Number of protein chains: 2
Amino acid sequence: MTRNRAGTIEPETCCASVLAAPLSEGQSEDLARVFAALGDPVRLRLLSLVADAGEVCSCDLLEPLGKAQPTVSHHTKTLAEAGLIVGEKRGRWVWWSIVAGRLDEMRAALAVAEVPT
Amino acid sequence: MTRNRAGTIEPETCCASVLAAPLSEGQSEDLARVFAALGDPVRLRLLSLVADAGEVCSCDLLEPLGKAQPTVSHHTKTLAEAGLIVGEKRGRWVWWSIVAGRLDEMRAALAVAEVPT
DNA sequence: CGAATCTATCGACGGTTGTCAATCTATATC
DNA sequence: GATATAGATTGACAACCGTCGATAGATTCG
């Protein structure tokens with residue numbers, strides 16, 4: 001598996017499916033890392049807030065999530081490392097937005113009866 | 001959120017999307033439970049084996065997964081409680097199969113640009 | 001019944017994770 | 001430069017999780 005400079009995970013197999021039999025250990029580890037990032041209720045709410053607003057700065061996430069600042073920072077980092085969001089620093093603020101393509105990849109991984117290319 | 005007697009998760013909102021802004025705490029917890037079940041490489045490989053074979057008995061999972069019997073039993077239980085697989089006992093064996101609808105629900109939850117009803 | 005086999009449960013161990021107070025870095029403002 | 005603010009990092013703690021040996025339950029076969 002490869003890893004880009006931002007440290008996000010980039011499986012060589014962009015479309016490995018859970019339904020494609022025996023998933024290799026490498027593929028399963030890459031997919032599991034991203035699903036694990038989705039496996040926390042606070043991170044899912046964070047993701048929904050970012051998706052809804054299009055762009056959100058971290059400071060606007062504290063109150064709706066009801067978590068302390070280091071906790072929110074920890075979650076944004078986890079989601080960013082999973083490639084699900086990206087942050088852009090502007091002045092003192094970091095603006096987060098969804099990586100739609102990454103969500104599509106995960107959807108594809110869950111696809112039943114995927115037509116192999 | 002509701003929960004049936006088998007202990008499997010049953011969100012009242014079958015199609016709650018991560019993109020539908022602020023996901024309620026209940027919705028996010030239900031979704032997170034299922035994504036967390038998917039967030040382990042051994043369980044993803046297990047899922048792929050079941051999906052590929054259509055039906056697999058637990059005894060045939062030990063060797064390909066390279067895990068001890070209690071560990072495999074633990075993982076099948078986790079996936080079953082998440083509603084991703086179902087087991088049918090026949091004689092001494094338990095035959096596991098995929099719940100395709102559950103995978104579709106999770107794909108829908110990750111859908112970008114979902115059209116709200 | 002007794003032996004063998006498949007699965008689930010229990011208990012324990014080590015590693016990981018979510019959380020927050022305290023602290024540090026970077027940026028902006030006076 | 002001094003002060004204030006947004007965010008990241010560190011360290012600590014409790015809770016959770018993956019793993020497996022031992023054991024128990026269920027079913028089949030002799």
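Values in this document were obtained by computation on a predicted structure and should not be read as measured data. Within every chain, numbering begins at 1; the chains are lettered A, B, ... in the order of the sequence lines, protein sequences first and strands thereafter. Computed from heavy atoms alone, side chains included, the values below leave out hydrogens, waters and symmetry copies.
Between A:E81 atom CD and C:dG18 atom P there is a gap of 12 Å when expressed in whole angstrom units. Distance, B:F35 CZ to C:dG18 P: 15 Å, rounded to whole Å. Rounded to a whole Å, the NZ atom of A:K67 is 13 Å from the C1' atom of C:dT17. Following rounding to the nearest Å, A:W95 (CH2) and D:dG7 (P) show an atom-to-atom distance of 9 Å. Look at CG on A:L65: it is 13 Å from P on D:dG7, rounded to the nearest Å. What separates CD of A:E88 from P of D:dG7 is a distance of 13 Å, to the nearest Å. In this structure, the NZ atom of A:K77 is 16 Å from the P atom of C:dT19, given to the nearest Å. The nearest whole Å value for the distance from the CG atom in A:L46 to the P atom in D:dG7 is 12 Å.
Not one N or O on the side chain of A:R107 forms a donor-acceptor pair closer than 3.5 Å with the backbone of B:L110. The main-chain N or O of B:R45 is found under 3.5 Å from a side-chain atom of B:S48 such that the two form a donor-acceptor pair.
The phosphate of C:dG18 has neither OP1 nor OP2 within less than 4.0 Å of any side-chain N or O from A:T71. OP1 or OP2 of D:dA8 sits under 4.0 Å from a side-chain N or O of A:S73. In this model, the phosphate group of D:dC17 is not approached by any side-chain N or O of B:H75 to a distance below 4.0 Å at OP1 or OP2.
The only member of A:T76, A:L46, A:L79 that meets side chain to side chain contact (heavy atoms under 4.5 Å, CB included) when paired with A:W96 is A:T76. Of the options A:T78, A:L47, A:V56, a side chain to side chain contact (heavy atoms under 4.5 Å, CB included) to A:I85 is made by A:L47 and by none of the others. Checked against A:L84 for a side chain to side chain contact (heavy atoms under 4.5 Å, CB included), the options A:I98, A:V50, A:L38 give a single hit: A:L38.
Checking A:R43 against A:K89, the closest nucleotide of DNA chain C that is more toward the 5' end is the one next to A:R43. Checking B:W93 against B:H74, the closest nucleotide of DNA chain C that is more toward the 5' end is the one next to B:W93.
No donor-acceptor contact under 3.5 Å links the side chain of A:Q69 to the base of D:dA6.
In this structure, of D:dG7, C:dA28, D:dA22, it is C:dA28 that holds the atom nearest to the side chain of A:R92. With D:dG7, C:dA8, D:dT19 as the candidates, the nucleotide lying closest to the side chain of B:V42 is D:dT19. For A:V94, taking side-chain heavy atoms from C-beta onward, the closest of the listed nucleotides D:dA8, D:dT28, C:dT7 is D:dA8.
Using a 4.0 Å heavy-atom cutoff across all strands shown, B:V72 reaches no nucleic acid atom at all.
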